[in-house]
Each structure stands twice: as C-alpha cells, then as structure tokens.
Amino acid sequence: MQFFIDTANLNDIGEAQQLGVLDGVTTNPTLMAREGISGDEAVRKHYKAICGLVTDNVSAEVISMDYEGMVHEGMLLANIDPKIVVKLPMTAEGIKATRYFSTQGIRTNCTLVFTAGQALMAAKAGATYVSPFIGRLEDISTDGINLIADIRRIFDNYQFPTKILAASARHATHIVQCAKVGADVTTSPLSAIVGLLKHPLTDSGLAQFLEDHRRVNSKTAAVI
Ligand code: G3P
C-alpha cells in the first residue's frame, strides 16, 4: 500500500519524507490557497519545490472546467516535472480530458469521487488514480470504507489497472480501514500518518524499559 500526504505544506511533506515511508503528495486548490500560493509562476515554483522533496507522484489539480482548458492547463502542469500527476475533476469534461491524457501517456488522478459508478467511469477513461473521498462521505453519515470495498471489487472483476487512492482520509484508523479493504493508496495529513506510530502502551512500555535500564546501570556505575 502506498502512503501519500495530502498537503501543499513543504515542512509537512519534508517531515513525512524523512520518515522514509512517503510515496507521493496530493494537493488541491484549497490546500494551495492555504499556503498562500497564487498566480501561475508561484504555483509552478511551488510544485517544482514539492517535486524536489519526494521521489514521485505529485498530484496537481487543474482549475479549468472545460475540456480545452483542462488539456491546456494539464499539459502545463505535466511539463513542470515528470513526477506530476494531473488531477482532474469527476465531470464529463474531466473524463474527456482524462481519456486525452491517457492516450498521451500522462498520468491522471480523477478527484471528487463519491460513488462506485463515478470510479467505474474514471477507470473506463484510463485514469491512473481514482480518488474517492471517504472523510467527506462520513461527514454526511455515509460509509466511505464500503465505497472503497465496492470499487476494489469492481476493479478486480475486470482487472482495471486504475489505482484506488482513498482520499480525505483524516486519521490513522482511516488508513488502516482502507488497507483492510484493499485501497492501493491513502492520502492523508501528516497527523494521520504519524498517528499510525502511536499507542499509549508503546509509550509506557518504553518508559519502563528505559527506567529499568537506568536503575541497574546507575548501580553498576556506582560500584565501579
Ligand atoms: O484528497 C482530498 C482531500 O484533500 C480532501 O480532504 O479533509 O478536505 O475532505 P478533506
């Protein structure tokens, strides 16, 4: 299973990368705005900086709503760095653009997916990744993990190569649940990735180990 971080924050990306478990980054216009990135040149520079921090897979989202605009914008994004994956919305225009980029050998991430039917459509169009938003489904009291399981079953039935990128994963339990039902990738904030490390029994067990070691070794040091 691959771990992507869902942020445009360079410090968080660097921190996740240093853990040695990061496989990629997803961004969206909200996350870019959160970092105060605006204007074509600033966007280009920021994506270049992100690409410099990670080994591959940097999803960069188009803003255009029409096919021609998406193709133009997506080509500009793809030309920034070979690590860029063009992120396109789940709309009819987005699906047409996904098909176009697929024929050009340019990787795509179809975003804002909330049903298995939408995921099937993205796979048919040749999307590299499909991004079902599990957290936002839970926000409206709908089971996001079931959706991942349904998409897994459909993709396996027909051997679609499209990867399931479980997005809007907000905490460590989401990552584990997605792993159990066979998501290929999760994207989540740094807190969720780091959250996988944590358990209070790990902390108390380690404190006890260190205390026992210190007690015996301080006695030995006193004898010498
Ligand atoms: O990857 C999609 C993600 O950015 C949405 O997350 O937490 O805003 O629903 P969230």
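Every number for a ligand or one of its atoms is a count from 1 in the order of the listing. Atom set for the values below is all heavy atoms of this structure, side chains included, hydrogens, waters and symmetry mates excluded.
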Quiz prompt | Which of the ligand 1 atoms, numbered from 1, are nearer than 4.0 Å to a heavy atom of F133 | solution = 2 (C), 5 (C)
Self-check item: Proximal ligand 1 atoms for R170, defined as those under 4.0 Å from one of its heavy atoms
Solution: 7 (O), 9 (O), 10 (P)
Self-check item: Residues in ring-ring contact (aromatic ring centres under 6.0 Å, His included) contact with F101, at least two apart in sequence or another chain
Solution: none
Quiz prompt | Under 3.5 Å: N/O of R136 near N/O of ligand 1 | solution = yes
Quiz prompt | Crowding at CG, D156 (>12 non-hydrogen neighbours, <6.0 Å) | solution = yes
Quiz item: Would you call D56 and R107 a salt bridge, using N to O less than 4.0 angstrom?
Solution: yes
Quiz item: Against heavy atoms of T187, which atoms of ligand 1 measure under 4.0 Å?
Solution: 1 (O)
Exercise. Please report which non-hydrogen protein atom sits nearest to atom 3 (C) of ligand 1, along with the residue it belongs to and the distance in Å to one decimal place.
Key: D6 OD2, 2.9 Å
Quiz item: Yes or no on side chain to side chain contact (heavy atoms under 4.5 Å, CB included) for S131 and V113, after CA distance, side-chain angles and deciding distance?
Solution: CA-CA 6 Å; S131 287; V113 165; 5.6 Å; no
Quiz item: Taking the six-membered ring for Trp, are H174 and H171 parallel (under 30°), tilted (30 to 60°) or perpendicular (over 60°)?
Solution: parallel
Self-check item: Any N or O of N28 closer than 3.5 Å to N or O of ligand 1
Solution: yes
Quiz item: Of the choices S168, A8, A167, P29, which has the non-hydrogen atom that lies closest to atom 6 (O) of ligand 1?
Solution: S168
Practice problem: Inspect the contact between R152 and D184 and indicate whether a charged nitrogen and a carboxylate oxygen are less than 4.0 angstrom apart. | Solution: yes
